[in-house]
Structure formats: C-alpha cells, structure tokens
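Worksheet: one structure, shown below.
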Number of protein chains: 2
Amino acid sequence: MPSFDVLQAACPSRSVLRHLTDRWTPMVVAVLSDGPARFGQIRGRVEGVTAKVLTETLRSMERDGLVTRTAQATMPPRVDYELTPLGRTLVTPLAAVRSWAEQHAEQVLEARARYDDTVD
Amino acid sequence: MPSFDVLQAACPSRSVLRHLTDRWTPMVVAVLSDGPARFGQIRGRVEGVTAKVLTETLRSMERDGLVTRTAQATMPPRVDYELTPLGRTLVTPLAAVRSWAEQHAEQVLEARARYDDTVD
DNA sequence: CAGGATCCTTTTTGATACTG
DNA sequence: CAGTATCAAAAAGGATCCTG
C-alpha cells in the first residue's frame, strides 16, 4: 500500500486536505453531524453562505464520498443531505479544529492586538 | 465569558478557523511539531511553497501567537521559527485532520472516480 | 539566507436574477 | 424550495527580480 504524505507536492492527499479545509466544509460537517438536514436547514444554520457556494460545497463533498444527496422531485422540491459512513469519520477531527478555534479565539485576538501594537 | 460559535457570521472564531485552514498552515505546523526550524528547512520540507507565501503564512501565524520568529542579523542571516505553547496545542487537532487526509485519500479518490463516472 | 517589492494568474466567493 | 446561470469582486497564490 502506498504511503500518502501531504508534505509531498504531488501527493493526492493534498487535494483531499484542501477540500477538508475549504471555507464552509467544516461548518457543513458540524451541522450534518447532528443528523440529516435539508438544503435550507443547512443554509439557515451556516450563517453567511450563499446558495451558490453551499451548493458547490455540498457537490464537492458528495463527489468525495462524504455526503449523500437525496432529492425528491416534488413541488416544491425537497433535498436531504446526510453524512456517509466515511463522512462521519470526519466529524471528530474537524470538530476538534473548529473547537480549537472557538476556545482559543480570545487568545488569538489578544495576540493579534499585541502584534499590531508593536508597530515595528 | 462570551461563547464563540463559528456558525455565526460575525463570530471572531471564524477568522481564526480561516487561518488554521489556510493552504499551508497545517503543513507548517506539522513540520514545526518536530521542533524549531529555520526558514529554509521549513521551505525544504513543505514541498511547493514559494518563499513569498511561506513568509506570509509564517507572518500570519506569528501575528496569531502560534509561532515565534528569532532572527540573527548575521551574514548570511539565520531565522528560526518555533511553535509557541499556544501553537503547540494546535499540533494534535491539525495532525488529526492531516492524518485523515492521508489515510482516507484512497477512498476519496475512488469516490471521485465513481462520481465522475456517473456522468448524470 | 531570508526575505521584500512587483506584477500577474488562478481560485474562491459573492450578488443578482431566473427556473422547474 | 433548491437550485442554475451570469457577472463581478476579491483573495489567495505564484513568478521573478532585487537586497542586506
């Protein structure tokens, strides 16, 4: 079995890492970790995403095998998204990073203020 | 104490998360987790970064209080970077994501192939 | 060696209007 | 409702040349 290494330029794991760290991916995973959700529900919880970008994010996640998309051709339409088993293995790692951001935001903000203060 | 939530548009933790998921940040953290390193060493291990972008990444990390920068005004100059205590708390979470990317790259690649195959 | 300064290309993200 | 299509803006990233 090949060993993947993100430090290597040509390693495919880089494109995987890239997607995981897309702007909205960690948030979408956070929302879907609570269970399946409809497009509009996701959009409502992830403040600030536009429909277009959310669609792109979900499409990319679907392509990578992280979520499933179930559409019902009713009127109005209803589309449900759900994490796949693979996607679920991502919940913990991404939650850790997201949680780090929330729990250390204060310290980072202070560090920035200090840095910007030292006008050197 | 305020509660930070990345799902909220105006929450400062979003900009923190944004930086953590910058293209090169997880890789730089991975390299520095082995101990302090010089600019050139980091650049050598993180394949593909240009000096300009690596400088920007390190500067941003320094501003956020994640690394320290120690310059020696010798000729040629020597600059060492090292994770701060705060930066060190980031090693595990980021390593988990990076590790996920490496360990599931194969599955993701397969999922992509399947998706692209289904030309629907 | 470690960068700063410029210029430029690519990638992402967003605003808006429209549709099955 | 859940998108798509277009257009525009911004941001990130990169190539190249220069310097203490």
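Each chain gets a letter, A, B and so on, in the order its sequence line appears, and its residues count up from 1. What's counted below: heavy atoms across the whole structure, side chains too, no hydrogens, waters or symmetry copies. Quick caveat: nothing in here was measured; it's all calculated off a predicted structure.
The OG atom of A/S15 sits 7.5 Å away from atom CG of A/D64, with the distance rounded to the nearest 0.5 Å.
Distance from the side chain of A/R23 is smallest to C/dT13 among C/dC1, C/dG3, C/dT13. Of the candidate nucleotides C/dA15, D/dG14, D/dG20, C/dA15 has the atom lying nearest to any side-chain atom of A/T50. Taking the side chain of A/K52 as heavy atoms from C-beta on, and the options D/dG14, C/dG20, C/dA15, the nearest nucleotide is C/dA15. For A/R59, taking side-chain heavy atoms from C-beta onward, the closest of the listed nucleotides C/dG3, D/dG14, D/dT4 is D/dT4. Comparing D/dG3, D/dG14, C/dA2 by their nearest atom to the side chain of A/F39 picks out D/dG3.
Atom-to-atom, CD1 of A/I42 to P of D/dA2 comes out at 9 Å; the value is rounded to the nearest Å. Rounded to whole angstrom, the span from the CG atom of A/L54 across to the P atom of C/dT13 amounts to 12 Å. Computed from coordinates, the B/Y81 OH to C/dC1 P distance equals 15 Å when rounded to whole Å. Atom CG in A/D80 sits roughly 10 Å away from atom P in D/dG3 (whole-Å rounding). Spacing between atom CH2 of B/W24 and atom P of D/dG13 amounts to 8 Å, rounded to whole angstrom units. Rounded to whole Å, the distance from CG on B/L58 to P on C/dG3 is 8 Å. For the pair A/Q72 CD and D/dG3 C1', the interatomic distance rounds to 15 Å; values are reported in whole Å.
Across B/R14 and A/V46, no two heavy atoms sit closer than the pair NH2-C, 4.3 Å.
For the pair B/T25 (side chain) and B/H19 (backbone), a donor-acceptor distance under 3.5 Å is present.
Contact check, B/R38 against C/dA2: a side-chain N or O comes under 4.0 Å of OP1 or OP2.
Each of B/P76 and A/R78 was assigned the nucleotide of DNA chain D with the nearest heavy atom; the assignment lying further toward the 5' end belongs to A/R78. Along DNA chain D, the nucleotide nearest to A/T55 and the one nearest to A/R18 differ in position, and the one closer to the 5' end is contacted by A/T55. Between A/E56 and A/P77, the residue whose closest nucleotide on DNA chain C is further toward the 5' end is A/E56.
If you check every strand for non-hydrogen atoms under 4.0 Å, A/R43 touches nothing.
With hydrogens and angles left out, the side-chain atoms of B/R98 and A/T21 include no donor and acceptor closer than 3.5 Å.
The ring-ring contact (aromatic ring centres under 6.0 Å, His included) analysis of residues 74-100 of chain A, with sequence neighbours excluded, yields the pairs A/W100-A/H104.
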